[in-house]
Structures are given as C-alpha cells and as structure tokens.
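Atoms considered below: every heavy atom in the structure, side chains included; atoms not considered: hydrogens, waters and symmetry mates. Note that the numbering runs from 1 along the sequence shown for the chain.
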Amino acid sequence: MGEDEALGQQVALGHDEALRQDLMARIEARRSAAALYLRENRPGIRRRANATIVLSSLAAVVTAGPAFGGEKFSEGVQSLLGLSSDSYVWRTLCLIAVLVSVGAAVMTNLAKVHEASLNRLTVAEAAKAELDGLTELLRFGHLSLDDGVKLFHSYSTKIPFVDDVAPAVAGATGVPRPG
C-alpha cells in the first residue's frame with residue numbers, strides 16, 4: 001500500500017505541476033497581450049501630449065516678443081526682414097499666435113476626448129505589473145494554484161479591452177484548454 005500511495009502522490013504532484021505550467025502560460029499570454037496593447041497605444045498619447053505642449057509654448061513665444069519689446073521689437077523685425085511697414089509684423093505675429101493657439105486648444109480638447117484611452121493605458125500598465133508579480137509568486141511556490149487562478153481571473157477581468165494573444169507554448173503542458 002505504501003508504494004501505491006507514493007505513486008498516487010507523484011501523479012497528483014505531476015498533475016498539479018502541469019496545471020501550474022498551464023496557468024503560467026496563460027498568465028504570460030495575458031501579460032504579453034497587455035504589453036502589446038501598451039506598445040501600440042502609448043506613442044499616440046505621448047504624441048498628442050507633446051503636440052499640445054509645443055503648440056502652447058509657440059503661442060507664448062509668438063506673443064512674448066511684442067508684449068515685452070513693443071514698438072522696438074516690431075521695428076527690429078521689420079528691418080531684419082526688410083518689410084515696408086511694421087503692420088506686416090503685427091499681422092503676421094497675430095496670425096501665427098491665433099493658429100498655434102487654435103492648434104493647442106484643439107489638441108487639449110482631443111486629449112479630453114481621449115481621456116478614456118489614457119485611463120485604459122493606466123489600467124493596462126497596472127494589470128501587466130500584477131500579472132508579472134503573479135508569475136513570480138507561482139514560479140517560486142509562494143502562492144497556491146487555487147489562489148493563483150483566482151488572482152489571474154481578477155487581474156484579467158480588469159483589462160477586457162485588451163485582446164488575447166496565443167500563448168507561446170499553447171498545449172505544451174498536455175492539459176486540455178477549455179473551449
């Protein structure tokens with residue numbers, strides 16, 4: 001009876017290890033999907049933010065010269081560019097200021113419209129970090145398989161907007177995957 005019990009424990013341990021490997025493969029697939037989502041979406045948000053900053057700064061720069069330099073500034077620009085009247089300087093600076101101010105306003109409003117995207121980005125970053133931590137806890141045996149499954153489900157449901165990617169070793173554990 002002793003050999004049968006030892007064999008039964010080995011089979012159970014082997015099955016648990018296969019389940020653990022399958023869970024880790026699913027975690028890695030979900031973590032990879034979150035990382036892909038972040039790689040695809042971060043640049044657009046950064047570009048919009050940078051464009052808003054640049055346009056706002058340009059509006060300030062264009063209006064700063066006349067504000068601080070007054071007539072001397074406009075006369076200096078007039079002579080530098082060889083213009084016949086300083087009214088061309090004022091008109092040009094006002095037009096540039098209007099254009100970059102409108103551009104900055106548009107970018108600011110686009111940022112507000114895309115606030116949901118920014119929130120999703122933050123949630124995806126947090127979920128990816130949680131999935132990274134979960135992998136390490138499982139890898140080093142600091143978390144039971146049942147608790148790992150619960151945490152995986154909890155972390156995964158936070159990012160329903162992230163499409164799944166196929167795990168690198170799908171089916172390699174021999175444990176059947178649910179439909």
* Salt-bridged, Glu125 to Lys128, with N to O below 4.0 Å? -> no
* Salt-bridge present (Asp16, Arg20; N to O < 4.0 Å) -> no
* To do: Say whether, by atom type as modelled, one donor and one acceptor occur between the side chain of Asp22 and the main chain of Ala18 under 3.5 angstrom.
  => no
To check you understand the geometry: which heavy-atom pair defines the closest contact between [X] and [Y], and what is its length?
X	Y	result
Arg30	Phe152	CB-CE1, 3.9 Å
Ala127	Ile159	CB-CG2, 3.7 Å
Leu36	Val165	CD2-CG1, 4.2 Å
Ser56	Ala104	OG-CB, 3.6 Å
Leu138	Leu143	CD2-O, 3.9 Å
Tyr37	Arg120	OH-CB, 3.4 Å

* Asked: Side-chain contact, heavy-atom cut-off 4.5 Å: Ser154 with Lys150?
  -> no
* Test salt bridge (charged side-chain N to carboxylate O under 4.0 Å, His left out) on Arg139 and Glu136 and set out the steps. => CA-CA 5 Å; Arg139 181 176 292 134; Glu136 297 309 310; 2.6 Å; yes
Do you reckon [X] sits in the same ILVMFWY cluster as [Y], going by side-chain contacts under 4.5 Å, direct or chained?
X	Y	result
Phe140	Leu137	no
Leu131	Leu19	yes
Val102	Leu58	yes
Leu118	Leu110	no
Val100	Val54	yes

Atom [atom1] of [X] and atom [atom2] of [Y]: how far apart are they, to the nearest 0.5 Å?
X	Y	atom1	atom2	result
Asp146	Leu151	CG	CG	11.0 Å
Gln21	Glu28	CD	CD	12.0 Å
Ile27	Glu130	CD1	CD	12.0 Å
Leu80	Phe73	CG	CZ	9.5 Å
Arg47	Thr52	CZ	OG1	13.0 Å
Glu40	Asp163	CD	CG	9.0 Å

* Asp86 and Glu71: side chain to side chain contact (heavy atoms under 4.5 Å, CB included), yes or no, with the steps? -> CA-CA 9 Å; Asp86 69 345; Glu71 287 184 28; 5.5 Å; no
Which donor-acceptor pairs under 3.5 Å do side chains of residues 61-70 form with protein atoms, sequence neighbours excluded?
| from | atom 1 | to | atom 2 | distance (Å) |
| --- | --- | --- | --- | --- |
| Thr63 | OG1 | Ala59 | O | 2.9 |
| Thr63 | OG1 | Ala60 | O | 3.2 |

* **Donor-acceptor side-chain pairing of Thr122 and Asn119 below 3.5 angstrom** => no
* Asked: Are a donor atom and an acceptor atom from the side chains of Glu75 and Ser79 found within less than 3.5 Å of each other?
  -> no
* Could you go step by step and tell me if Phe161 and Val123 meet the side chain to side chain contact (heavy atoms under 4.5 Å, CB included) rule? -> CA-CA 10 Å; Phe161 50 88; Val123 170; 4.2 Å; yes
